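Take a look at the structure set out below.
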Amino acid sequence: MPELPEVEVTRRSFADAICGATVQSVRLGKPLRWPLGLEPQRLVGARVGATTRRGKYLWLPLSSQLAPGGLLLHLGMSGSLGFSADASAPAGAHDHFDLQTDRGLLRLNDPRRFGAVVWSPGLEADPAAKLLAGLGLEPFDARFDGPHLHAGLSGRRVAVKQALLAGDIVVGAGNIYACEALFLAGIDPRLAACKVSRPRAARLATAVRAVLAQALEAGGSTLRDFKDAHGVAGSFQMQAQVYGREGQPCRVCGTSIRRIVQGARSTFFCPQCQKR
DNA sequence: CACCCATCCTGTCGGC
DNA sequence: TGCCGACAGGATGGGT
């Protein structure tokens, strides 16, 4: 579910409210992708700092004498976070992590459990930090530009769509936004990464930023169940040009949108607007 | 290094 | 209705 826009929308929806809160208790549900990495009781009494984001990960800094560090959260395919001042709501079958604070309850709901909450003593000081080690540039980082993207794509024979999705050149574009960015740039998703010209790489870099910015403004995409931490849905799916539109007419030229499979993921594109 | 593929898990939807 | 397979927004880890 959550690509960069959804993760960032989620972050913005609770970061201010939880900043400065004190942890009162922690509840774990079924196992997530990785174990938490420390005894949950050790988090009690810690103070929550300013929540940040790196790629599709959220970083919740916690300060306490007992265990200074923080929590690295990932929403996987089906995760969402809720934050509410009313902590009385009973945990549902898919609520697998609760952080009860004096300002409210932060709760991870994740039916498929591909998500994760991992303790780290600090992003510089390893363990969970290695999860962030291979990540590409942030799309809104000034260093992410045409030349950077072109350099990243060079030497790769996989399709440009898959190279974009891999996240080691630029982070944040998942299946929806990779498809949308390629449409916006007019690039065939099947084109070998190393065959993307400099001018096209520049257009693609611009398109990635534009699509992610639009999606952020729209509050993300709610295909099935994405909601921010206060239960607000996104609306970008309404303006998607290709994602999920197989067989429907291209909004630009009317050609039927195609769906293909690349690396076991669906790719949607317009065969007329996206040539080379 | 680049790449392919299986894998984690549950829910939903379409076809028969 | 029920059953069954296909598919879903992600990313790792292992093998070639």
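In the text below, chain A, chain B and the rest are named by the order of the sequence lines, each starting its count at 1. This one's a predicted model, so the numbers in the text were calculated from it and none came from an experiment.
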Atom-pair distance ([atom1] on [X]; [atom2] on [N]), nearest Å:
| X | N | atom1 | atom2 | result |
| --- | --- | --- | --- | --- |
| Leu223(A) | dC7(C) | CG | P | 17 Å |
| Arg265(A) | dA6(B) | CZ | C1' | 14 Å |
| Arg259(A) | dG14(B) | CZ | C1' | 13 Å |
| Leu108(A) | dC9(B) | CG | C1' | 14 Å |
| Asn175(A) | dA8(C) | CG | P | 8 Å |
| Gln162(A) | dG10(C) | CD | C1' | 14 Å |
| Trp34(A) | dA11(C) | CH2 | P | 9 Å |
| Glu8(A) | dG9(C) | CD | P | 22 Å |

Using modelled atom types only, decide if a donor and an acceptor are shared between the side chain of Gln239(A) and the backbone of Gln237(A) within a distance under 3.5 Å.
->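 Absent.
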
Measure from the side-chain N and O atoms of Arg245(A) to the backbone N and O of Pro249(A), and report whether any donor-acceptor pair falls under 3.5 Å.
->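 Flag set: sc Arg245(A) to bb Pro249(A) pair under 3.5 Å.
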
Is Phe114(A) stacked on the base of dG10(C) when the test is centres under 5.5 angstrom and planes under 30 degrees?
->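 So Phe114(A) counts as stacking on the base.
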
Nucleotide nearest [X] (side chain, heavy atoms from C-beta), chosen from [options]:
| X | options | result |
| --- | --- | --- |
| Met77(A) | dC7(C), dC3(B), dG9(C) | dG9(C) |
| Arg33(A) | dC3(B), dG9(C), dA11(C) | dA11(C) |
| Asp225(A) | dA11(C), dC3(B), dG9(C) | dG9(C) |

Determine the interplanar angle of the His230(A) and Phe83(A) rings, folded into 0 to 90°, and report it as parallel if under 30°, tilted if 30 to 60°, perpendicular if over 60°.
->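 Perpendicular, since the angle between the ring planes exceeds 60°.
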
Contact class for [X] (heavy atom, under 4.0 Å): base, sugar-phosphate, or nothing?
| X | value |
| --- | --- |
| Tyr57(A) | sugar-phosphate |
| Tyr177(A) | nothing |
| Arg156(A) | sugar-phosphate |

Would you mind checking if Asp188(A) and Lys275(A) are paired as a salt bridge, meaning a charged N to carboxylate O distance below 4.0 Å?
->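 Result for this pair is no, no salt bridge flagged.
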
Test: Glu138(A) and Arg143(A) ion pair at under 4.0 Å |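 Looking at Arg143(A) together with Glu138(A), the answer is no, because their closest N to O distance does not fall below 4.0 Å.
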
Record whether the side chain of Arg224(A) comes under 3.5 Å of the base of dA8(C) through a donor-acceptor pair of N or O atoms.
->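 Absent.
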
Is Arg113(A) side chain donor-acceptor paired with the dC9(B) base, going by distance under 3.5 Å alone?
->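 Counting by modelled atom types and ignoring angles, no donor-acceptor contact under 3.5 Å is found here.
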
Looking at [N], I'd like to know if its phosphate oxygens (OP1 or OP2) sit under 4.0 Å from a side-chain N or O belonging to [X].
| X | N | result |
| --- | --- | --- |
| Lys30(A) | dC9(B) | no |
| His94(A) | dT10(B) | no |
| Ser78(A) | dG11(B) | no |

Find the partner of dG9(C): check Watson-Crick (N1-N3 plus N6-O4 or O6-N4) and G-U wobble (N1-O2, O6-N3) distances, both under 3.5 Å, and reply none if neither fits.
->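 None - no nucleotide pairs with dG9(C), as no candidate has both distances under 3.5 Å.
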
Give a yes or no on this: more than 12 heavy atoms of other residues, nucleotides or ligands lie within 6.0 Å of atom CD of Glu217(A).
->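 Not buried by this count: 12 neighbours or fewer within 6.0 Å.
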
